[in-house]
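Notes follow the structure.
Here the structure is a predicted model, which means the values were calculated and not measured.
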2 protein chains.
Amino acid sequence: MLRLSTKGQYGVRAMFEIARGYPDRPLTIKEIAERQDVSVAYLEQILGKLRRAGLVRSIRGPGGGYLLAREPREIPIAAVLGVLEGPVAITSCVDPREGCIRIEHCVTHLLWKELGAQIEGFLNTITLGNLLAGDVGSPHKVRTVLKRASKDQNSQ
Amino acid sequence: MLRLSTKGQYGVRAMFEIARGYPDRPLTIKEIAERQDVSVAYLEQILGKLRRAGLVRSIRGPGGGYLLAREPREIPIAAVLGVLEGPVAITSCVDPREGCIRIEHCVTHLLWKELGAQIEGFLNTITLGNLLAGDVGSPHKVRTVLKRASKDQNSQ
DNA sequence: AAAATAGCCTACTGTTTATGTCAAGTATTC
DNA sequence: GAATACTTGACATAAACAGTAGGCTATTTT
């Protein structure tokens with residue numbers, strides 16, 4: 001459940017590759033495609049979106065390619081995925097582009113909203129900089145704080 | 001991005017309805033369907049899965065219907081969704097049913113794994129009991145703990 | 001025993017979304 | 001002006017989703 005599309009996956013991997021390359025040397029689509037094993041034509045679409053969103057900039061002609069528009073640590077994964085897949089929206093009910101018809105009766109509305117917020121919070125915390133440093137693990141873990149709230153619940 | 005299928009959504013809503021009904025009175029599919037505005041035939045599929053997974057039990061014949069197999073507070077949302085949608089698997093790369101071919105080169109592997117763990121952690125924390133009590137909000141919020149870890153990153 | 005109630009099962013189908021490919025451009029550098 | 005590289009939009013295929021349909025089995029009531 002909750003699978004990401006390949007666009008999002010490839011997009012993050014492409015951004016990683018661009019971030020990793022020599023900071024001032026533009027990376028061609030072809031290079032990215034080879035290193036990350038994705039077709040050139042498909043990458044064009046993905047990078048086009050990222051460019052129009054201002055996350056990368058491109059240089060045409062010989063010696064051209066793609067560069068990050070900002071420093072790696074200023075680009076959270078949430079930004080990349082947001083461009084390629086739209087906002088986190090567990091259900092249409094909590095999709096900012098749609099809306100909930102039965103919000104009053106919808107007991108689960110709050111649940112999905114909160115889950116979305118958790119996900120978005122996490123993805124905003126991890127940046128391309130973290131990815132470069134291989135720093136995705138324990139420092140970000142927050143699960144230990146989550147404790148079954150069953151005590152409060154006996155009053156029900 | 002990361003949308004849940006309707007099976008998962010309807011399933012949670014159906015479970016909520018069963019949990020809400022008088023604890024000892026079985027709820028018929030028809031009743032659930034009316035209250036949650038889902039087709040009877042579709043609900044049959046969903047409840048069949050939940051029954052085979054042991055989350056609800058059914059009583060046939062007149063006066064029959066569905067009952068929870070355990071107390072609401074013993075049924076986390078993760079259990080319901082797990083049955084209807086399979087395990088959380090942001091990418092095929094971290095899907096327990098598949099596997100990662102390029103785990104060594106896959107820089108994002110850890111990222112998706114960690115995100116999945118966060119989601120699963122959250123969904124395991126919230127139970128049908130919480131849903132009944134309307135208790136999904138702030139007590140479970142953990143985002144305040146998440147702080148940009150950019151300081152540690154300068155050492156790279 | 002028959003009728004009514006209610007769950008059980010599984011095959012089928014239309015629609016949408018995802019995942020790409022292809023072809024014809026445009027801009028830049030050497 | 002030739003080579004390089006990005007840009008754009010149309011199109012093709014396949015998989016997943018969402019839901020329907022129809023017949024079957026079990027249980028209770030009359």
Can you find a pair of side-chain heavy atoms, one from A:Val40 and one from A:Glu44, that are under 4.5 Å apart? yes
How long is the line joining CG of A:Leu84 and C1' of C:dT17, in whole Å? 16 Å
From CZ of B:Arg13 across to P of D:dA18 the rounded distance in Å is 13 Å
For the helix from C:dA1-D:dT30 to C:dC30-D:dG1, what angle lies between the axis at the first five pairs and the axis at the last five pairs, to 10 degrees? 10°
Exam field: side chain B:Gln36 to backbone B:Glu17, donor-acceptor pair closer than 3.5 Å: no
Would you check if there is a donor-acceptor pair between the side chains of A:Ser5 and A:Glu85 at a distance under 3.5 Å? yes
Donor-acceptor pair, distance only, cut-off 3.5 Å: does the side chain of A:Gln9 make one with the backbone of A:Leu4? yes
Here the distance between atom P of C:dC8 and atom CG of B:Leu50, to the nearest Å, is 12 Å
Flag the pair B:Leu55 / B:Arg70 as yes when at least one side-chain heavy-atom distance between them is below 4.5 Å, and no otherwise. yes
Shortest non-hydrogen contact from A:Val12 to B:Trp112? CG2-CH2, 4.0 Å
Taking the side chain as every heavy atom from C-beta outward, state whether A:Phe122 and A:Gln118 have any atom pair closer than 4.5 Å. no
Taking only N and O in the side chain of A:Tyr10, is any of them less than 4.0 Å away from OP1 or OP2 of C:dG20? yes
Between B:Ser39 and D:dT20, is there a side-chain N or O to OP1/OP2 distance below 4.0 Å? yes
Contact list (N/O, under 3.5 angstrom) for nucleotides 13-17 of chain D vs protein:
none

I'd like to know if the side chain of A:Thr28 pairs up with that of A:Tyr66 as donor and acceptor (distance under 3.5 Å, no hydrogens or angles considered). no
Could I get a table of every N or O pair under 3.5 Å where one atom is in the protein and the other is in nucleotides 5-9 of chain D?
unit_1: D:dC6; atom_1: OP1; unit_2: A:Ile29; atom_2: N; d: 3.2
unit_1: D:dC6; atom_1: O3'; unit_2: A:Ser58; atom_2: OG; d: 3.3
unit_1: D:dC6; atom_1: O2; unit_2: A:Arg60; atom_2: NH2; d: 3.3
unit_1: D:dT7; atom_1: OP1; unit_2: A:Arg51; atom_2: NE; d: 2.8
unit_1: D:dT7; atom_1: OP1; unit_2: A:Ser58; atom_2: OG; d: 3.1
unit_1: D:dT7; atom_1: OP2; unit_2: A:Arg51; atom_2: NE; d: 3.3
unit_1: D:dT7; atom_1: OP2; unit_2: A:Tyr66; atom_2: OH; d: 2.6
unit_1: D:dT8; atom_1: OP2; unit_2: A:Arg51; atom_2: NH2; d: 3.0
unit_1: D:dT8; atom_1: OP2; unit_2: A:Arg52; atom_2: NH1; d: 2.8
unit_1: D:dT8; atom_1: O4; unit_2: A:Glu44; atom_2: OE1; d: 3.4

If I take atom CG in residue B:Leu2 and atom C1' in nucleotide C:dT17, what distance separates them, rounded to the nearest angstrom? 15 Å
Rounded to whole Å, CG of A:Asp37 lies from C1' of C:dG20 at a distance of 14 Å
Taking atom C1' of C:dT5 as reference, at what distance in whole Å does atom CZ of B:Arg25 sit? 14 Å
Side-chain heavy-atom pair B:Leu115, B:Leu111 within 4.5 angstrom cut-off: no
Does the side chain of A:Thr127 pick up a donor-acceptor pair with the side chain of A:Asn130 at under 3.5 Å? yes
Just the rounded figure in Å: distance from C1' of C:dT21 to NZ of A:Lys7. 12 Å
Given atom CG of B:Leu43 and atom P of D:dA21, what is their separation to the nearest angstrom? 16 Å
For A:Val136 and B:Glu114, work out which heavy atoms get closest and say how close. O-CG, 3.8 Å
